[in-house]
Engineer: 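I have a structure here, written as structure tokens, and I will follow up with some questions on it.
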Amino acid sequence: PDQPDYLSNKGVALLKLGRTEEARAFLQSVVDQLGKVNANILNNLGRALTDLGRSEEALAACAEALRLDPAHPEANFNWANELFKQGRAAEALPHFQQAVRCRPGEATMWYNLGIAYAELGRFEEAGQCVGKTLQLNPDYPDARATLDRLRLLQGLKAKINFPVDH
């Protein structure tokens with residue numbers, strides 16, 4: 001069982017069991033031993049590092065995953081989440097967009113894209129993304145409240161940003 005997908009899945013299983021440090025250590029040892037690994041292993045290492053609060057290391061693992069596979073949906077998503085947490089929404093946006101392009105049926109991808117748009121003041125696009133989240137999962141946590149706030153913000157923006165007569 002030294003196949004990369006098996007090893008990656010073992011790391012994911014450890015993460016799902018809440019054994020985050022063990023998952024990180026296991027995945028790091030896979031990277032160290034194999035040398036050449038795939039984007040899944042690096043992405044899952046990045047997830048473990050994120051869960052441990054090791055943001056810069058998580059970004060490095062995701063960056064390497066994206067170097068190997070620029071369209072990798074989870075690596076784009078995880079990279080974007082880390083950037084967003086650092087207040088870098090503009091840098092995160094194209095990675096959230098890539099994740100949605102690859103996984104258009106996943107509500108979480110749409111929701112996070114919407115939150116990134118909202119952070120950038122693009123409330124209409126944010127509302128469309130959160131609306132799509134609710135289409136995919138009507139019970140998505142916080143999505144209805146977020147959509148209501150976005151509608152309010154969009155309305156306020158429309159009233160504030162009107163042409164001024166001189």
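Residues take their numbers from the sequence shown, with the count starting at 1.
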Engineer: Kindly indicate, with the supporting measurements, whether the criterion side-chain hydrogen bond (donor to acceptor under 3.5 Å, both in side chains) is fulfilled by Thr146 and Arg149.
Structural biologist: CA-CA 5 Å; Thr146 299; Arg149 284 191 299 273; 3.2 Å; yes

Engineer: Identify, with sequence neighbours excluded, every residue that meets side chain to side chain donor-acceptor pair (under 3.5 Å) alongside Asp139.
Structural biologist: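 Expected list: none.
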
Engineer: When hydrophobic residues are tied together by side-chain contacts of less than 4.5 Å, even through go-betweens, does Val130 share a cluster with Leu120?
Structural biologist: yes

Engineer: Please examine the side chains of Thr108 and Phe77, heavy atoms only from C-beta on, and report whether any two atoms are closer than 4.5 Å.
Structural biologist: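 A side-chain contact under 4.5 Å exists here.
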
Engineer: So if you build clusters from Ile, Leu, Val, Met, Phe, Trp, Tyr with side-chain heavy-atom gaps below 4.5 Å, do Leu83 and Trp110 land together?
Structural biologist: no

Engineer: Can you give me the closest heavy-atom contact between Ala23 and Gly11, atom names plus distance?
Structural biologist: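 Nearest heavy atoms, Ala23 then Gly11: CB-O, 3.6 Å.
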
Engineer: side-chain hydrogen bond (donor to acceptor under 3.5 Å, both in side chains) for Asn44 and Ser8? Distances and angles first, verdict last.
Structural biologist: CA-CA 7 Å; Asn44 291 327; Ser8 183; 2.6 Å; yes

Engineer: Among residues two or more places apart or on two chains, list those pairs meeting salt bridge (charged side-chain N to carboxylate O under 4.0 Å, His left out) that have a residue in residues 87-112.
Structural biologist: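 Output for this query lists Glu74-Arg103, Arg88-Glu91, Arg103-Glu106.
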
Engineer: Specify the closest pair of heavy atoms between Ala99 and Met109, including all atoms of both residues, with the distance to one decimal.
Structural biologist: CB-SD, 3.3 Å

Engineer: Decide side-chain contact (heavy atoms from CB on, under 4.5 Å) for Lys132 and Leu136; before the verdict, give the C-alpha distance in whole Å, the side-chain angles of both, and the deciding distance to 0.1 Å.
Structural biologist: CA-CA 6 Å; Lys132 180 68 175 176; Leu136 293 168; 4.3 Å; yes

Engineer: Taking C-beta and beyond as the side chain, do Asn78 and Thr50 meet within less than 4.5 Å on heavy atoms?
Structural biologist: no

Engineer: Do Val12 and Leu45 belong to the same hydrophobic cluster, where Ile, Leu, Val, Met, Phe, Trp and Tyr are linked whenever their side-chain heavy atoms lie under 4.5 Å apart, directly or via other members?
Structural biologist: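 No, Val12 does not connect to Leu45 through the hydrophobic network.
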
Engineer: What is the distance from atom CZ of Arg122 to atom CG of Leu153, rounded to the nearest 0.5 Å?
Structural biologist: 15.5 Å

Engineer: Hey, does the side chain of Asn43 reach the backbone of Cys62 with a donor-acceptor pair shorter than 3.5 angstrom?
Structural biologist: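 A pair under 3.5 Å: no.
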
Engineer: For side-chain contact (heavy atoms from CB on, under 4.5 Å), just list the numbers for Phe96 and Ile115, CA-CA rounded to whole Å, side-chain angles, deciding distance to a tenth of an Å, and then say yes or no.
Structural biologist: CA-CA 10 Å; Phe96 280 131; Ile115 297 302; over 6 Å; no

Engineer: With sequence neighbours left out, write down each residue that passes side chain to side chain donor-acceptor pair (under 3.5 Å) with Lys85, or none if nothing qualifies.
Structural biologist: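 In terms of side chain to side chain donor-acceptor pair (under 3.5 Å), with neighbours along the sequence ignored, Lys85 is linked to Glu82.
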
Engineer: Considering all heavy atoms of both residues, which atom of Ala143 and which atom of Leu134 are nearest to each other, and what is their separation?
Structural biologist: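 The pair with the smallest heavy-atom distance is CB-CD2, 3.5 Å.
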
Engineer: Specify the closest pair of heavy atoms between Ala116 and Ala89, including all atoms of both residues, with the distance to one decimal.
Structural biologist: O-CB, 4.3 Å

Engineer: When rounded to the nearest 0.5 angstrom, what distance separates CG in Leu14 from CG in Leu27?
Structural biologist: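 Going from the CG atom of Leu14 to the CG atom of Leu27 covers 7.5 Å.
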
Engineer: Of all residues at least two apart in sequence or in a different chain, which pass the salt bridge (charged side-chain N to carboxylate O under 4.0 Å, His left out) check with Asp148?
Structural biologist: Arg151

Engineer: Are Phe84 and Leu66 connected into the same hydrophobic cluster when the rule is that any two of I, L, V, M, F, W, Y join if their side-chain heavy atoms are below 4.5 Å apart?
Structural biologist: no

Engineer: Does any donor atom in the side chain of Gln86 or Glu56 lie under 3.5 Å from an acceptor atom in the other side chain?
Structural biologist: yes

Engineer: Tell me every residue that passes side chain to side chain donor-acceptor pair (under 3.5 Å) with Trp79, counting only those two or more places apart in sequence or in another chain.
Structural biologist: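 For Trp79, the residues satisfying side chain to side chain donor-acceptor pair (under 3.5 Å) (neighbours in sequence not counted) are His95.
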
Engineer: What's the spacing between Asn81 CG and Leu59 CG if we round to 0.5 Å?
Structural biologist: 10.5 Å

Engineer: Quick one: list whatever passes side chain to side chain donor-acceptor pair (under 3.5 Å) with Glu124, sequence neighbours left out.
Structural biologist: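 Applying side chain to side chain donor-acceptor pair (under 3.5 Å) to Glu124 gives none.
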
Engineer: Same cluster for Leu68 and Leu49 if Ile/Leu/Val/Met/Phe/Trp/Tyr side chains link at under 4.5 Å?
Structural biologist: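 Linked within one cluster.
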
Engineer: Could you state the interatomic distance from CG (Asn9) to CG (Leu15), rounded to the nearest 0.5 Å?
Structural biologist: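 The CG atom of Leu15 is 11.5 Å from CG of Asn9, to the nearest 0.5 Å.
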
Engineer: So which atom in Asn38 and which in Ile41 form the shortest heavy-atom distance, rounded to 0.1 Å?
Structural biologist: OD1-N, 3.0 Å

Engineer: Atom CG of Leu113 and atom CD of Gln128: how far apart are they, to the nearest 0.5 Å?
Structural biologist: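 Rounded to the nearest 0.5 Å, the CG-CD separation comes out at 10.0 Å.
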
Engineer: Check Gly114 against Ala126 and note the closest heavy-atom contact, atom names and distance.
Structural biologist: O-CB, 3.2 Å

Engineer: Taking the side chain as every heavy atom from C-beta outward, state whether Tyr117 and Leu93 have any pair of such atoms under 4.5 Å apart.
Structural biologist: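 Yes, their side chains come closer than 4.5 Å.
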
Engineer: Applying ring pair (Phe, Tyr, Trp, His ring centres under 6.0 Å) to Tyr111 and Tyr140, what does each step give before you reach the verdict?
Structural biologist: CA-CA 9 Å; Tyr111 186 78; Tyr140 194 89; 5.0 Å; yes

Engineer: Is any side-chain heavy atom of His72 closer than 4.5 Å to a side-chain heavy atom of Gln98?
Structural biologist: no

